Structures are given as C-alpha cells and as structure tokens.
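Only one structure is covered here, and it is reproduced in the block below.
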Amino acid sequence: MLFDTHAHLNADAFDADRHELIAGLPQTGIHLVMNPGCDLQSSADAIKLAEQYDFIYAAVGSHPDAADLVNEELIETYRNMCLQNPKVKAIGEIGLDYHYEDIPREIQKKAFRMQMELARQMELPVIIHEREAHEDGMSIIEEFPDVTGVFHCYSGSAEMAKALIRRGYYIGFTGVLTFKNARRAVEVASSIPLERIVLETDCPYMSPEPFRGKRNDPGRLFRMAERLAEIRGISVAEVEKITTENGKKLYRL
Ligand code: NI
C-alpha cells in the first residue's frame with residue numbers, strides 16, 4: 001500500500017484519461033492520494049476530485065507562481081473551502097520559488113506569510129514548495145512555530161532537513177531520488193529518520209527512472225519506494241508501510 005502525498009491529478013495532462021487512470025490506481029498499490037491546489041481554480045478542481053473518490057484528499061492554496069493573485073479576498077475564499085469541505089486536509093502548495101524571477105520576492109513572501117497564517121488559524125498542515133529560497137523559507141516558517149507540514153520535492157541540504165524535522169516537518173521525495181545525478185537527494189534520504197520521510201510523484205511532472213521525461217502518474221510511485229528501500233537497506237514492504245503511516249500522520253487522516 002502506497003500513499004502519493006503530492007499529485008496534481010487535476011492537471012490538463014490527465015484530461016483525456018483522468019477517470020480510467022484514477023480507477024486503476026488501487027491495482028498499482030496506490031491507496032491514498034493528496035492532490036494540492038496551485039491557485040483558486042486548481043484548488044476547486046482538487047476538491048471536486050476528492051468528492052468523487054474516497055481515497056483522494058485535497059489541499060487549497062496558491063503556489064509562488066500565482067503569488068501575485070493572493071489577497072485578503074482569496075484567503076477568505078480558501079478559508080470557506082476548508083470549512084465547507086471535510087476532505088480538505090492541508091493548505092498548499094504554498095512557498096517561495098526564486099528559480100524564476102517572474103514574481104518579485106517581496107510578493108512571494110507576502111503571499112506565503114498570508115497562507116501560513118491561514119494554516120495556523122485553521123490548524124491545518126502546510127505543503128511547502130521551496131526552491132532556491134532556503135534562507136527566506138526557513139525564516140518564514142520560524143515565524144509560525146505552531147504550523148507544521150511537508151517540504152515537498154525536497155531540494156535542500158541534510159542539515160536543513162534535520163532543522164525542519166526538529167520543527168515538526170516531514171520531507172517529501174519525488175522521482176528525483178531515482179535520477180543518476182541525484183547525489184544530494186540520496187544523501188538526505190539516507191541520513192534523516194525514516195519516520196519523517198514521505199513519498200510523492202508530483203505528477204504529471206518528475207517521472208522517475210526509467211520513465212524520465214514521460215508523463216508521470218501515481219502508479220509510478222513504486223519506483224520511489226524501491227529506490228528508498230535500496231538507499232536504506234530495508235525491504236520495499238517496510239518502506240511502503242512506514243511512508244504510508246507518515247503520510248497519514250502528516251495530513252492527519
Ligand atoms: Ni506540486
């Protein structure tokens with residue numbers, strides 16, 4: 001049994017075959033999926049999927065790419081979505097992305113803080129997207145000591161991962177773990193407590209080897225489980241059991 005803790009099944013890439021694909025997931029070992037939002041529309045679409053399928057849960061929030069659209073009105077809309085839909089289990093994905101400079105850093109930081117505050121008020125975990133913004137990311141989460149969650153598609157150091165774990169966060173690994181040049185992700189995955197690791201596809205992106213470059217879907221999460229088992233020297237069954245438990249604790253299912 002596997003838990004895909006971060007999958008965008010609402011994405012356009014699944015328009016042609018979404019429902020067949022989802023119906024087939026239990027046969028691939030996937031028994032739970034968290035579908036985060038990236039803006040208002042995808043958050044609403046995530047809720048629709050969660051209402052249709054027992055094993056899919058939703059999160060609402062605006063990705064740093066959409067930070068310029070975050071205002072008080074949108075926060076109130078997200079708050080109502082949380083209050084009205086019991087399958088909304090997190091705020092996300094939210095955070096900082098300094099790889100592209102399309103959205104000014106100050107606007108990203110403001111949107112991130114507003115959504116961290118919403119998570120604090122709603123007592124929900126957060127799904128954090130943080131890329132090339134390690135220092136600002138750490139300093140903002142320190143402003144919200146009551147909030148925890150997951151750093152998804154983790155790209156920081158082992159030292160930073162340990163600091164996040166001390167603050168109650170989980171660390172999410174994608175197909176990057178299976179890439180030949182993934183030295184850093186492997187180093188982190190080998191040195192932090194197994195009880196703090198969750199697995200995710202981030203589909204339709206980030207396909208693991210040997211499917212790299214193709215459309216990804218939750219049915220490929222077994223590759224991350226196999227790779228983590230190899231890195232930690234334990235069985236795939238143990239990885240499945242532990243990471244699924246971790247995901248349930250993270251999202252309080
Ligand atoms: Ni994502």
Side-chain angles (χ1 to χ4, degrees), residues 2-15 18 21-22 25 30 32-50 56-67 69-70 78 81 87-100 102-103 108 111-112 115-116 119 124-134 137 141 149-156 164 169-179 182 185 197-208 211-221 223-224 243 247 250-251:
L2 282 163
F3 186 171
D4 189 346
T5 60
H6 193 116
H8 299 282
L9 290 170
N10 61 282
D12 295 350
F14 297 114
D15 280 354
R18 180 172 296 107
L21 183 110
I22 294 173
L25 288 180
I30 295 290
L32 290 164
V33 176
M34 166 55 76
N35 194 124
C38 292
D39 56 16
L40 179 57
Q41 184 61 53
S42 55
S43 297
D45 291 344
I47 291 173
K48 262 186 235 156
L49 282 174
I56 300 181
Y57 290 85
V60 299
S62 292
H63 187 282
D65 287 355
L69 300 173
V70 176
Y78 285 151
M81 289 163 106
K87 290 194 80 184
V88 175
K89 296 293 186 189
I91 301 297
E93 55 187 292
I94 62 176
L96 303 171
D97 192 326
Y98 294 171
H99 184 72
Y100 300 109
D102 300 352
I103 310 276
Q108 292 191 35
F112 186 23
Q115 296 181 95
M116 285 292 285
L124 284 173
V126 286
I127 301 170
I128 295 184
H129 170 105
E130 183 271 297
R131 190 178 181 201
E132 296 175 26
H134 302 323
I141 67 150
V150 58
F151 266 58
H152 109 92
C153 195
Y154 186 72
S155 61
L164 288 168
Y169 281 83
Y170 288 81
I171 305 296
F173 292 103
T174 60
V176 169
L177 212 52
T178 67
F179 297 171
I197 295 177
V198 292
L199 299 178
E200 55 170 291
T201 56
D202 200 16
C203 66
Y205 321 105
M206 297 295 203
S207 247
F211 311 105
R212 199 168 173 182
K214 302 203 175 102
R215 185 185 77 170
N216 197 6
D217 74 68
R220 290 182 175 159
L221 194 67
R223 285 291 302 125
M224 287 65 134
T243 57
L250 156 63
Y251 294 127

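Bear in mind that the values here come from a model prediction, so they are computed numbers and not experimental data. Indexing begins at 1, ligand by ligand and atom by atom, following the structure's order. Just so you know, these numbers use all the heavy atoms, side chains as well, and skip hydrogens, waters and symmetry mates. Residue numbers start at 1 and run along the sequence shown.
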Quiz: residues 170-179 side-chain donor-acceptor pairs under 3.5 angstrom, not counting sequence neighbours:
{"residue": "Thr174", "atom": "OG1", "partner": "Val176", "partner atom": "N", "Å": "3.2"}
{"residue": "Thr178", "atom": "OG1", "partner": "Gly175", "partner atom": "O", "Å": "2.6"}
{"residue": "Thr178", "atom": "OG1", "partner": "Glu209", "partner atom": "N", "Å": "2.8"}

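At a cut-off of 2.8 Å, His152 is not counted among the residues with an N, O or S atom near the Ni ion (ligand 1). Among the atoms of His6, an N, O or S atom falls under 2.8 Å from the Ni ion (ligand 1).
Gln115 contributes no side-chain N or O that, together with a main-chain N or O of Ile91, makes up a donor-acceptor pair within less than 3.5 Å.
Of all N/O/S atoms in Asp202, OD1 sits nearest the Ni ion (ligand 1). The Ni ion (ligand 1) sits nearest to atom OE2 when only the N, O or S atoms of Glu93 are considered.
Pairing each heavy atom of Lys89 with each of Tyr57, the nearest pair is CG-CD2, 3.7 Å.
When the shell of 6.0 Å around OH of Tyr205 is examined, it contains 12 or fewer heavy atoms from other residues, nucleotides or ligands.
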